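Just so it is clear, the structure is predicted and the values come from calculations on it, not from any experiment. Below, each value reflects all heavy atoms present in this structure, side chains not excepted, and no hydrogens, waters or symmetry copies.
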Amino acid sequence: MKKKRSSDLDQVRREYYREQLDESTMPANPIELLRTWLEEATGSGNPDPTAMTLSTVDQNGAPSSRIVLLKRIHQNRLIFFTNYHSRKAKEIRIRQKVAAHFYWPELERQVKISGTARPIEDKESDSYFTSRPFESKISAWASPQSEVVPDRKYLESEYLKYRERYQDSGEVPRPAYWGGFAIEPVRIEFWQGGRHRLHDRIEYTIKDTSWSRVRLAP
């Protein structure tokens with residue numbers, strides 16, 4: 001019989017041991033806990049603590065996932081920014097239901113979020129776009145996100161074209177096709193790794209304006 005190598009995928013595992021979740025000490029509003037966990041993730045050494053997997057579905061119900069960066073939490077909404085011509089933006093406009101997921105391995109934590117995504121007001125998108133680095137603003141103009149392009153040289157050429165256009169003034173306007181979406185959560189699950197795979201899972205759901213929570217089996 002062939003001996004399994006340590007590199008075999010079914011042998012890749014880790015133990016969880018850091019801490020446990022206690023419902024009695026958790027806040028009534030899960031957004032408060034999400035803010036706390038984001039702050040702790042920022043100080044954990046994770047290079048992308050605000051990175052979240054965003055999942056959408058197309059008109060046929062086929063799912064699609066990608067990583068986006070959470071940029072703001074405002075009025076209990078999670079805000080990220082993108083090209084409104086991108087695949088994710090088009091799918092959100094067709095079906096507003098989305099899911100988001102954070103994973104912080106250093107803290108042995110995950111957060112799962114389900115909700116509805118809608119475009120934010122232009123003034124909110126303008127405010128964030130103004131704060132971006134010059135190069136990032138130029139890339140927003142240069143990249144026809146999710147569209148087929150002939151090669152990388154095309155993208156670099158577009159970047160240079162727009163950089164030349166705006167480099168003298170340094171003021172780059174926000175493209176009308178670029179802006180933010182806000183996710184309004186209806187379900188948020190907090191996962192904390194536990195010994196012997198007895199993980200803690202606390203799920204919040206909202207009805208009207210009131211949150212309730214339950215414990216789920218791992």
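- Judged by distance alone, the side chain of K137 and the main-chain N or O of T130 form a donor-acceptor pair under 3.5 Å.
- Residues P173 and W141 come closest through the heavy atom pair O-NE1, 2.8 Å.
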Exercise. For the pair K161 and E158, evaluate salt bridge (Lys or Arg N to Asp or Glu O under 4.0 Å) and give the outcome as yes or no after the intermediate values.
Key: CA-CA 5 Å; K161 179 180 73 175; E158 288 294 289; 3.2 Å; yes
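- Not one N or O on the side chain of R197 forms a donor-acceptor pair closer than 3.5 Å with the backbone of R195.
- A salt bridge links E91 with R87: the distance from a Lys NZ or Arg NE/NH1/NH2 to an Asp or Glu carboxylate oxygen falls below 4.0 Å.
- Between R14 and E108, at least one side-chain N (NZ, or NE/NH1/NH2) sits under 4.0 Å from a carboxylate O, which counts as a salt bridge.
- A salt bridge does not link R72 to E124: none of the charged nitrogens lies less than 4.0 Å from a carboxylate oxygen.
- Cation-pi geometry between R109 and W37 is met: under 6.0 angstrom from the ring centre, within 45 degrees of the axis.
- In summary, the side chains of T50 and K71 do not present any donor paired with an acceptor at a separation below 3.5 Å, with no hydrogens or angles considered.
- Counting only distance, with no hydrogens or angles, the side chain of D8 and the backbone of D10 share no donor-acceptor pair below 3.5 Å.
- Side-chain N or O atoms of Q20 include none that pairs as donor or acceptor with a backbone N or O of G193 at under 3.5 Å.
- Side-chain contact between I202 and L216: absent, with no pair of heavy atoms (C-beta onward) separated by less than 4.5 Å.
- E147 has a carboxylate O that lies under 4.0 Å from a charged side-chain N of K90, or vice versa, which qualifies the two as a salt bridge.
- Remark: the backbone N or O of K153 is paired with a side-chain donor or acceptor of D151 at under 3.5 angstrom.
- The pair R213-E203 does not count as a salt bridge, with every side-chain nitrogen at least 4.0 angstrom from each carboxylate oxygen.
- Side-chain contact check for P119 versus R93: some heavy-atom pair is nearer than 4.5 Å.
- Rounded to the nearest 0.5 Å, atoms CH2 (W178) and CZ (R132) are 4.0 Å apart.
- Distance check: K207 NZ to S212 OG gives 9.0 Å after rounding to the nearest 0.5 Å.
- L69 places none of its side-chain heavy atoms less than 4.5 Å from the side chain of F80.
- One finds the OG1 atom of T82 at 11.5 Å from the OH atom of Y177 (value rounded to the nearest 0.5 Å).
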Quiz item: Between F181 and F81, is a ring-ring contact (aromatic ring centres under 6.0 Å, His included) present by the stated rule, with each step listed?
Solution: CA-CA 6 Å; F181 281 100; F81 294 86; 9.5 Å; no
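- Using a 4.5 Å heavy-atom cutoff, the side chains of W191 and V111 are not in contact.
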Quiz item: How far apart are the C-alpha atoms of E156 and R152, what are their side-chain angles, what is the distance that settles it, and do they pass the salt bridge (Lys or Arg N to Asp or Glu O under 4.0 Å) test?
Solution: CA-CA 6 Å; E156 293 173 347; R152 181 173 179 83; 3.0 Å; yes
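- In this structure the side chain of L70 reaches within 4.5 angstrom of the side chain of L38, judged on heavy atoms.
- Residues R95 and D58 are not paired through a salt bridge, judged by the lack of any N-O separation under 4.0 Å between the basic side chain and the carboxylate.
- The main-chain N or O of A140 is never found under 3.5 Å from a side-chain atom of S143 such that the two would form a donor-acceptor pair.
- Two residues are said to be in side-chain contact when any heavy atoms from C-beta on lie closer than 4.5 Å; I113 and R187 fail this criterion.
- Electrostatic pairing of E189 and R201 counts as a salt bridge here, judged by a charged N lying under 4.0 Å from a carboxylate O.
- Side-chain atoms of H199 come within 3.5 Å of backbone N or O of G194 as a donor-acceptor pair.
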